[in-house]
Colleague: 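Let me give you the structure first, and then I'll get to my questions.
Atoms within a ligand are numbered from 1 in the order they appear, just like the ligands themselves. When reading the values below, keep in mind they use all heavy atoms of this one structure, side chains included, and skip hydrogens, waters and symmetry mates.
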Amino acid sequence: MASTPALAPVTVTVTGAAGQIAYSLLFRIAAGEVFGPTTPVNLRLLEIPNAVTAAEGVALELFDSAFPLLNDVEVTDGRATAFAGADAVFLVGAKPRGKGAERAALIADNGKIFGPQGHAISDYASDDVRVLVVGNPANTNAAIVVAAVENERGGSGVSAGHITAMTRLDHNRALAQVAAKLSLPISRLQRLTVWGNHSTTQFPDVTELRDAATGEALAARLSEHWLTEEFIPRVARRGSEIISVRGSSSAASAASAAVDHMRDWFQGTREGDWVSVALPSDGSYGVPEGLVSSFPCRSVNGEWEIVQGLEIGDVQRARIDASVADLQAEAATVRALGLV
Ligand code: NDP
């Protein structure tokens, strides 16, 4: 006999709900891929006023999909309604990076979106809410949400450690490249790390990579030339490659990575493995405290823990430092603009 949903519903907010990423993400959440096959979901779709009608169209398609786990869908342009009681939030909607747009202008525009969203999450979401920022510049947008939560008048029940940014797509892209190079299935690869910013300075690091089946360390099978000349630049620039080949951005793989991130957060990472998550640094690996930077993380009882004790060689140190400098420059822009 088919099992029936038994658990209390999870309330999930997705912003930018009429956009390309949400068009894939929402259906996978409703199908039970994030919270499991017996957990019903309430979806809250936030859009800007002139995209609300398009989001309502997406809600009609969600309805037509007759997902057994989809309890309720609400479309709104109001933050209070969108974040009310949210257990999980995907912040996808962001001001798009126009051609030739200056980084400071992009950060300024996004600060006006993510600051108020941080306050609204403090005010209306569940205190235990888990937040994933997908909209770019994701790390810095997440830092703006963290600042909003921390500066909330009267204090916020929301923990800064529950505000993360997505480097899981970079992680997945790196895994796929290495699997193809070594002719190994993805499921055999463990312990890859993407460090730093979700930008071209990110550092996909295979130093600790191992074969899950045999325990063999795999880094020695990858030449320094391939790593520095092909692998690292290809992973860092994969978004542009997809745009030039597909003609539009990598929305489905971004949605897939968002599913992976939130599923692992709620349900745990694979035994013996870790994944890449950008979260506020606690000073680990010399990354200044508070910077939202990507680390190797395990999800333990619903909390991300940075994997400790990895040895960092000189080459790794230089690459991590370069990406941290990139994050610090973005943080300086945020401060100069008075966004925090
Ligand atoms: P997408 O759904 O394709 O992308 C949304 C955001 O995700 C962008 O910031 C994009 O960054 C980022 N992103 C992160 N990783 C990836 C990736 N691998 N591939 C593509 N994008 C990635 O954008 P759409 O324009 O289709 O939709 C955005 C929606 O957000 C619109 O419906 C708009 O109305 C809404 N919006 C909502 C706002 C709000 O909630 N206040 C504010 C602004 C817009 P990048 O730009 O670098 O590609």
Side-chain angles (χ1 to χ4, degrees), residues 13-28 44-59 75-83 86 89-103 105-121 131-142 144-145 148 164-174 176 194 197-200 202 234-261 276 278 292 294 330:
T13 309
V14 177
T15 72
Q20 293 307 308
I21 294 175
Y23 195 60
S24 175
L25 175 63
L26 286 164
F27 292 82
R28 296 189 57 183
R44 303 286 175 255
L45 278 52
L46 179 66
E47 258 302 350
I48 52 177
N50 65 9
V52 161
T53 305
E56 281 167 351
V58 177
V75 180
T76 181
D77 60 3
R79 289 188 289 263
T81 306
F83 294 118
V89 171
F90 294 84
L91 296 179
V92 180
K95 175 89 181 178
R97 198 186 304 245
K99 261 209 162 71
E102 273 189 39
R103 186 175 60 178
L106 185 72
I107 290 173
D109 287 339
N110 279 301
K112 289 180 208 138
I113 296 167
F114 287 85
Q117 287 184 348
H119 286 295
I121 288 167
V131 179
L132 170 63
V133 178
V134 175
N136 280 316
N139 299 54
T140 291
N141 290 340
I144 290 169
V145 174
T164 60
M166 190 166 88
T167 48
R168 186 62 176 267
L169 179 56
D170 309 303
H171 181 97
N172 287 348
R173 285 168 169 166
V194 173
N197 197 2
H198 170 68
S199 74
T200 52
Q202 66 178 261
R234 186 153 207 204
V235 171
R237 298 183 191 285
R238 186 68 164 178
S240 311
E241 184 182 346
I242 302 287
I243 290 172
S244 69
V245 178
R246 180 175 178 258
S248 57
S249 67
S250 45
S253 49
S256 195
V259 165
D260 289 346
H261 178 115
S276 304
V292 177
S294 186
E330 291 185 12

Colleague: So if I count the atoms of ligand 1 from 1 in the order they appear, which ones are less than 4.0 Å from some heavy atom of G93?
Modeller: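 Under 4.0 Å from G93, ligand 1 has these atoms: 30 (O), 36 (N), 37 (C).
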Colleague: Any donor-acceptor pair under 3.5 Å linking the side chain of S24 with the backbone of I21?
Modeller: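 Flag not set: sc S24 to bb I21 has no pair under 3.5 Å.
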Colleague: Identify, by atom number and element, the atoms of ligand 1 in contact range of G135, meaning under 4.0 Å from any of its heavy atoms.
Modeller: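 Every atom of ligand 1 under 4.0 Å from some heavy atom of G135: 6 (C), 7 (O), 9 (O), 12 (C).
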Colleague: Considering only heavy atoms of A254, which atoms of ligand 1 have at least one such atom less than 4.0 Å away?
Modeller: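 Checking each atom against A254, I get 16 (C), 17 (C), 18 (N).
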Colleague: Does only the side chain of E47 get under 4.0 Å from ligand 1, or the backbone, or both, or neither? Count heavy atoms.
Modeller: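 Answer for E47: side chain.
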Colleague: Would you name the heavy atoms of A255 and L25 that are closest together and state the gap between them?
Modeller: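 What the structure gives for the nearest pair is CB-N, 3.7 Å.
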Colleague: Run the numbers for me: atoms of ligand 1, each under 4.0 Å from some heavy atom of A18, listed by number.
Modeller: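 Counting atoms of ligand 1 from 1, those under 4.0 Å from A18 are 32 (O).
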Colleague: Specify side chain, backbone, both or neither for N50, according to which of its non-hydrogen atoms lie closer than 4.0 Å to ligand 1.
Modeller: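 Neither part.
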Colleague: Please report the closest heavy-atom contact between R173 and S250, naming both atoms and the distance.
Modeller: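 Between these two residues, the closest heavy atoms are NH2-OG, 3.1 Å.
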Colleague: N/O to N/O below 3.5 Å, does that happen between Q20 and ligand 1?
Modeller: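 Min N/O separation from ligand 1 is below 3.5 Å for Q20.
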Colleague: Is the CZ atom of F27 crowded by more than 12 outside heavy atoms at less than 6.0 Å?
Modeller: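 Check passes, neighbour count above 12.
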Colleague: Do R28 and S256 touch side chain to side chain, with heavy atoms closer than 4.5 Å?
Modeller: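 With C-beta onward as the side chain, the pair touches.
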Colleague: Tell me: protein heavy atom nearest atom 28 (C) of ligand 1, and distance?
Modeller: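 The closest one turns out to be G19 CA, 4.1 Å.
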Colleague: Tell me the protein heavy atom at minimum distance from atom 20 (C) of ligand 1, and give that distance in Å.
Modeller: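 Looking only at protein heavy atoms, the one closest to atom 20 (C) of ligand 1 is S249 OG, 3.4 Å.
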Colleague: With distance as the sole test, does E47 use its side chain to make a donor-acceptor pair with the main-chain N or O of A55 at under 3.5 Å?
Modeller: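 No, the answer is negative, given that no donor and acceptor are paired below the 3.5 Å cut-off.
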Colleague: Looking at every heavy atom in both A120 and F83, which two are closest together, and how far apart are they?
Modeller: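 Smallest heavy-atom distance, with atoms named: CB-CD1, 3.7 Å.
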Colleague: Should you measure from each heavy atom of G16, which atoms of ligand 1 turn up under 4.0 Å away?
Modeller: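 Taking each heavy atom of G16 in turn, ligand 1 has 29 (C), 30 (O), 35 (C) under 4.0 Å.
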Colleague: Keeping T76 on the side-chain end and A82 on the backbone end, is there a donor-acceptor pair under 3.5 Å?
Modeller: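 Checked: no pair found.
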Colleague: Ligand 1 and T15, any nitrogen or oxygen pair closer than 3.5 angstrom?
Modeller: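 So ligand 1 has no N or O lying under 3.5 Å from an N or O of T15.
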Colleague: For the pair R246 (side chain) and S249 (backbone), establish whether a donor and an acceptor sit closer than 3.5 Å, ignoring hydrogens and angles.
Modeller: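 Such a contact is found between R246 side chain and S249 backbone.
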Colleague: For ligand 1, is there an N or O atom under 3.5 Å from any N or O atom of I21?
Modeller: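 Yes; at least one N/O pair falls below 3.5 Å.
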Colleague: Output the list of atoms in ligand 1 that are nearer than 4.0 Å to some heavy atom of A51, sorted by atom number.
Modeller: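 Heavy-atom distances to A51 below 4.0 Å select 34 (O).
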Colleague: Considering only the protein, which heavy-atom contact is closest to atom 44 (C) of ligand 1, and what is its distance?
Modeller: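 Checking every protein heavy atom, the shortest distance to atom 44 (C) of ligand 1 gives A94 O, 3.5 Å.
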Colleague: For ligand 1, which atoms sit closer than 4.0 Å to a heavy atom of L169?
Modeller: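 Those of ligand 1 that fall under 4.0 Å from L169 are 18 (N).
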Colleague: Is the backbone N or O of L45 less than 3.5 Å from a side-chain atom of T15, with the two atoms forming a donor-acceptor pair by type?
Modeller: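 It does not hold such a pair.
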Colleague: Would you mind checking which non-hydrogen protein atom is closest to atom 5 (C) of ligand 1, with the distance to 0.1 Å?
Modeller: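 Minimum-distance protein heavy atom for atom 5 (C) of ligand 1 reads V92 O, 3.3 Å.
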Colleague: In the protein, which heavy atom is nearest to atom 19 (N) of ligand 1, and how far is it?
Modeller: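 Of every protein heavy atom, S250 OG, 3.0 Å lies nearest to atom 19 (N) of ligand 1.
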Colleague: Can you give me the closest heavy-atom contact between A94 and N110, atom names plus distance?
Modeller: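 Reported closest heavy-atom pair: CB-OD1, 3.5 Å.
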Colleague: Using the side-chain hydrogen bond (donor to acceptor under 3.5 Å, both in side chains) criterion, which residues pair with N136? Sequence neighbours excluded.
Modeller: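 side-chain hydrogen bond (donor to acceptor under 3.5 Å, both in side chains) check on N136 returns nothing, list empty.
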Colleague: Does any N or O of ligand 1 fall below 3.5 Å from an N or O anywhere on R97, backbone included?
Modeller: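 Yes; at least one N/O pair falls below 3.5 Å.
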Colleague: Report the nearest protein non-hydrogen atom to atom 39 (C) of ligand 1: residue, atom name, distance rounded to 0.1 Å.
Modeller: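 Checked against all protein heavy atoms, atom 39 (C) of ligand 1 sits closest to I48 CG2, 3.8 Å.
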Colleague: For ligand 1, note which part of R173 has a heavy atom under 4.0 Å away: side chain, backbone, both or neither.
Modeller: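 Just the side chain.
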Colleague: Keeping S294 on the side-chain end and V194 on the backbone end, is there a donor-acceptor pair under 3.5 Å?
Modeller: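 Here the side-chain-to-backbone pair exists.
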Colleague: Let me know which of N141, L91, I144, V89 forms a side chain to side chain contact (heavy atoms under 4.5 Å, CB included) with Q117.
Modeller: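 Option passing the side chain to side chain contact (heavy atoms under 4.5 Å, CB included) with Q117: L91.
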Colleague: To the nearest 0.1 Å, how far is atom 9 (O) of ligand 1 from its closest protein heavy atom, and which atom is that?
Modeller: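 The closest one turns out to be N136 N, 3.0 Å.
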Colleague: Looking only at protein heavy atoms, which one is nearest to atom 40 (O) of ligand 1, and what is the separation?
Modeller: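 Going atom by atom, the protein heavy atom closest to atom 40 (O) of ligand 1 ends up being Q117 NE2, 3.5 Å.
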Colleague: Does the protein put a heavy atom under 4.0 Å from atom 25 (O) of ligand 1?
Modeller: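 False for atom 25 (O) of ligand 1.
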